[in-house]
Asks: 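Supplied in structure tokens, the structure appears directly below.
By convention here, the first residue in the shown sequence is residue 1. These numbers were taken from a predicted model, which means no experiment stands behind them.
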Amino acid sequence: MPIPVTMPALSPTMEEGTLAKWLVKEGQAISAGDVIAEIETDKATMEVEAVDEGTVGRIMVAEGTEGVKVNTVIAVLLEEGEDKGALAGFDAGAAPAPKADAKPAPQEQPKAAPAPAPKPAAQPVAAAPAPKPAAVGGGDRIIASPLARRMAAQSGLDLAALSGSGPKGRIVKADIEAALSGGAPVQQAATVTALPQRAPAAPIQPGAAYTEVPNNNMRKVIARRLTESKQQVPHFYLTIDCEIDKLLAMRKELNERGAKNDAYKLSVNDFVIRAAALALKKVPSANAAWTDAATLRYETVDISIAVAVTNGLITPVVHNADQKGLAQISNEMKDLAGRAHEGKLMPEEYQGGTFSISNLGMFGIKEFAAVINPPQGAILAVGMGEQRPVVKDGALSIATVMSCTLSCDHRVVDGAIGAELLQAFKGFIEDPVTMLL
């Protein structure tokens with residue numbers, strides 16, 4: 001009998017994802033272990049392997065579909081000797097596919113329902129009668145993915161004038177992009193509908209040209225989590241200046257030694273990670289998180305490092321950073337950052353950190369304050385090292401100074417604790433040989 005292929009749970013907390021791309025086609029024979037699709041989660045795009053062998057009988061969810069719930073049937077495999085007649089049980093309007101639309105459906109239905117509002121709004125703008133809705137997928141309802149509907153609404157496209165290339169004529173992202181590049185009809189009336197009291201003859205034009213960039217899952221999660229952080233977490237900030245001339249000299253010497261056998265190449269950020277980890281070990285009350293029931297003091301020091309990737313941000317974790325040397329931290333970070341850019345990190349490699357570091361010094365940023373990454377209790381923002389005038393023994397001199405700002409959750413990290421942590425961090429940074437002991 002046909003074998004259903006369901007949306008996999010790619011992490012313990014995953015509830016839904018975007019079916020980014022199909023790597024197989026209907027009628028194609030596959031074996032267990034073959035990569036059949038790419039699934040986009042809130043943090044990465046991951047490949048999905050087949051667990052059974054057979055022939056792809058039907059693709060139930062079109063690529064580009066967002067909000068596909070875990071365990072939704074996304075495709076059906078035919079076993080050896082079966083033909084498409086065996087798929088009859090999966091023909092009921094491709095029942096599993098609309099489940100991907102279940103979340104946005106309540107908002108979409110008023111558009112498809114025969115409500116009187118849209119038609120009168122269209123008549124004053126269009127010189128000709130409104131186009132008859134295309135018979136997409138059968139019946140009067142226009143079948144389109146949530147992403148396609150949103151892109152059409154944002155661009156003013158008339159879905160009824162489009163033909164879908166997805167399963168059963170479903171309108172998908174590629175159809176919207178093709179329509180935009182080819183100049184498909186625009187529903188200018190949609191703009192007028194929101195302002196019925198104003199002149200309906202002309203649409204409202206934006207003040208400046210712009211391009212709509214649909215938000216991916218990662219960007220949506222970043223927006224939601226950081227908004228919640230600024231609204232719910234009582235932030236306060238502490239800044240300290242660290243002289244790094246000794247650190248730079250030690251880095252140069254160690255890199256010269258490492259270059260002989262290509263064992264490592266240390267960055268300033270590697271020293272920062274090591275110093276922060278040792279400081280947290282020295283001030284364990286800062287390595288904590290807040291819950292309504294209790295303050296959680298972590299027993300391990302796991303440092304999350306903010307890494308900018310395409311259309312988002314991810315925080316790979318150096319686990320047990322206080323127990324690792326500079327060379328190990330450096331090599332581990334290069335591997336994590338490289339795979340972060342490729343979207344190849346496993347969930348356990350970017351989840352579960354106890355403290356975060358965000359370094360913008362390489363971009364010439366002198367000083368900034370970062371937003372706490374919940375549920376962590378603090379994040380360290382690191383600026384660039386620059387030569388500044390300093391006073392030593394009553395005399396003016398020049399030193400390379402790096403400003404670092406600690407953002408603290410005041411519920412769990414009080415001012416004195418935050419200050420103690422920064423003092424410990426400064427001690428390791430300014431006397432880097434102590435990191436090697």
Side-chain angles (χ1 to χ4, degrees), residues 237-258 264-288 297-306 317-334 353-362 366-370 376-388 390 392 399-408 413-437:
Y237 309 96
L238 301 171
T239 301
I240 199 165
D241 291 335
C242 303
E243 295 183 19
I244 60 172
D245 292 291
K246 290 182 180 179
L247 185 152
L248 294 176
M250 175 177 284
R251 172 176 174 260
K252 180 180 179 181
E253 180 181 349
L254 291 176
N255 279 341
E256 288 174 351
R257 296 184 181 185
Y264 55 82
K265 185 176 182 180
L266 303 178
S267 68
V268 172
N269 201 52
D270 298 328
F271 283 87
V272 169
I273 295 170
R274 173 72 172 160
L278 293 176
L280 287 166
K281 185 177 181 180
K282 190 173 181 180
V283 188
S285 53
N287 189 35
R297 291 190 177 174
Y298 297 111
E299 298 178 359
T300 59
V301 180
D302 304 322
I303 307 291
S304 302
I305 311 298
V317 180
V318 179
H319 293 278
N320 299 305
D322 59 314
Q323 301 175 24
K324 296 176 179 177
L326 288 165
Q328 186 176 357
I329 289 174
S330 177
N331 292 332
E332 190 170 324
M333 269 308 304
K334 287 182 176 63
T354 65
F355 181 89
S356 288
I357 294 174
S358 179
N359 190 342
L360 294 179
M362 66 286 294
K366 179 178 179 179
E367 179 184 334
F368 70 105
Q376 297 173 11
I379 181 172
L380 184 68
V382 181
M384 69 174 181
E386 61 174 357
Q387 289 194 329
R388 302 181 197 170
V390 297
K392 294 183 178 180
T400 306
V401 179
M402 179 177 70
S403 294
C404 299
T405 298
L406 184 69
S407 303
C408 305
V413 179
D414 293 330
I417 295 175
E420 187 180 355
L421 178 68
L422 283 182
Q423 283 184 335
F425 173 79
K426 178 182 174 75
F428 289 117
I429 289 291
E430 294 190 343
D431 191 8
V433 70
T434 57
M435 295 192 217
L436 308 180
L437 299 178

Asks: Within this structure, what is the CZ-CG distance for the pair Phe428 and Leu247, rounded to the nearest 0.5 Å?
Replies: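 Phe428 CZ to Leu247 CG: 13.0 Å, rounded to 0.5 Å.
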Asks: Does Asn359 reach the main-chain N or O of Gly361 with its side chain, forming a donor-acceptor pair under 3.5 Å?
Replies: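 Checked: pair present.
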Asks: Once you round to the nearest 0.5 Å, how far does CG of Asn331 lie from CG of Asp270?
Replies: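 Those atoms lie 8.5 Å apart.
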Asks: Quick one: CG on Leu422 to CG on Leu380, what's the gap to the nearest 0.5 Å?
Replies: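 Rounded to the nearest 0.5 Å, the CG-CG separation comes to 6.5 Å.
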Asks: Decide yes or no for Met362 and Asn269: does some side-chain heavy atom of the first lie under 4.5 Å from some side-chain heavy atom of the second?
Replies: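 No - every pair of side-chain heavy atoms lies 4.5 Å or more apart.
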Asks: What's the shortest heavy-atom distance between Ala370 and Tyr237, and which atoms?
Replies: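 Shortest heavy-atom separation between Ala370 and Tyr237 comes out as O-CE2, 4.1 Å.
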Asks: Short question: side chain of Asn255, backbone of Leu266 - any donor-acceptor pair under 3.5 Å?
Replies: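 Yes; at least one donor-acceptor contact below 3.5 Å.
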Asks: Enter the distance from Thr405:OG1 to Ile379:CD1 here, rounded to the nearest 0.5 Å.
Replies: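 Answer for the OG1-CD1 pair, Thr405 versus Ile379, is 11.0 Å.
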Asks: How far apart are the C-alpha atoms of Thr300 and His319, what are their side-chain angles, what is the distance that settles it, and do they pass the side chain to side chain contact (heavy atoms under 4.5 Å, CB included) test?
Replies: CA-CA 8 Å; Thr300 59; His319 293 278; over 6 Å; no
Asks: Could you tell me the separation between the NZ atom of Lys282 and the CD atom of Glu420, rounded to the nearest 0.5 Å?
Replies: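 The distance works out to 8.5 Å.
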Asks: How far apart are the closest heavy atoms of Ala321 and Ile273, and which atoms are they?
Replies: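 Closest approach of Ala321 to Ile273: CB-CG2, 4.4 Å.
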Asks: So, do Leu254 and Tyr264 sit near enough that their side-chain heavy atoms are less than 4.5 Å apart?
Replies: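 A side-chain contact exists here, since the closest heavy-atom pair is under 4.5 Å.
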Asks: Search all heavy atoms of Ser304 against all heavy atoms of Val317 and return the closest pair with its distance.
Replies: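 Distance-wise, the nearest heavy atoms are OG-CG2, 3.6 Å.
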Asks: Within the structure provided, determine whether Val301 and Leu278 are in side-chain contact (heavy-atom separation under 4.5 Å).
Replies: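 Side-chain contact under 4.5 Å: no.
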Asks: How would you list, by chain and number, every residue that makes a side-chain hydrogen bond (donor to acceptor under 3.5 Å, both in side chains) with Asn287, sequence neighbours excluded?
Replies: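 For Asn287, the residues satisfying side-chain hydrogen bond (donor to acceptor under 3.5 Å, both in side chains) (neighbours in sequence not counted) are Thr354.
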Asks: Quick one: are Ile303 and Leu280 in side-chain contact, heavy atoms under 4.5 Å?
Replies: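 Yes, side chains in contact.
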Asks: State whether the side chain of Arg274 and the backbone N or O of Met435 hold a donor-acceptor pair below 3.5 Å, judged by distance alone.
Replies: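 Here the side-chain-to-backbone pair exists.
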Asks: Side chain of Glu430, backbone of Glu243: donor and acceptor closer than 3.5 Å?
Replies: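 Answer holds: yes.
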Asks: For Gly353, does its backbone N or O pair with a side-chain atom of Gln376 as donor and acceptor, under 3.5 Å?
Replies: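 Looks like yes, one N/O pair under 3.5 Å.
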Asks: If every non-hydrogen atom of Ile417 is compared with every non-hydrogen atom of Ser285, which pair is closest and at what distance?
Replies: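 Result for this residue pair: CG2-OG, 3.6 Å.
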Asks: If you look at every heavy atom in Lys265 and Lys334, which pair is closest and at what distance?
Replies: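 Looking at all heavy atoms of both residues, the closest pair is O-NZ, 2.7 Å.
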Asks: Is it true that a side-chain atom of Asp302 and a backbone atom of Asn320 form a donor plus acceptor pair closer than 3.5 Å?
Replies: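 A pair under 3.5 Å: yes.
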Asks: Crowded around Lys426 NZ? As in, over 12 foreign heavy atoms under 6.0 Å?
Replies: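 Yes, the 6.0 Å shell around NZ holds more than 12 heavy atoms from other groups.
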Asks: Donor-acceptor pair, Tyr298 side chain versus Phe355 backbone, under 3.5 Å?
Replies: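 Checking the backbone N and O of Phe355 against the side chain of Tyr298, no donor-acceptor pair under 3.5 Å is found.
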Asks: Identify the two heavy atoms, one from Met402 and one from Val268, that lie closest to each other, and give their separation to 0.1 Å.
Replies: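 Closest heavy-atom pair between Met402 and Val268: SD-CG1, 4.4 Å.
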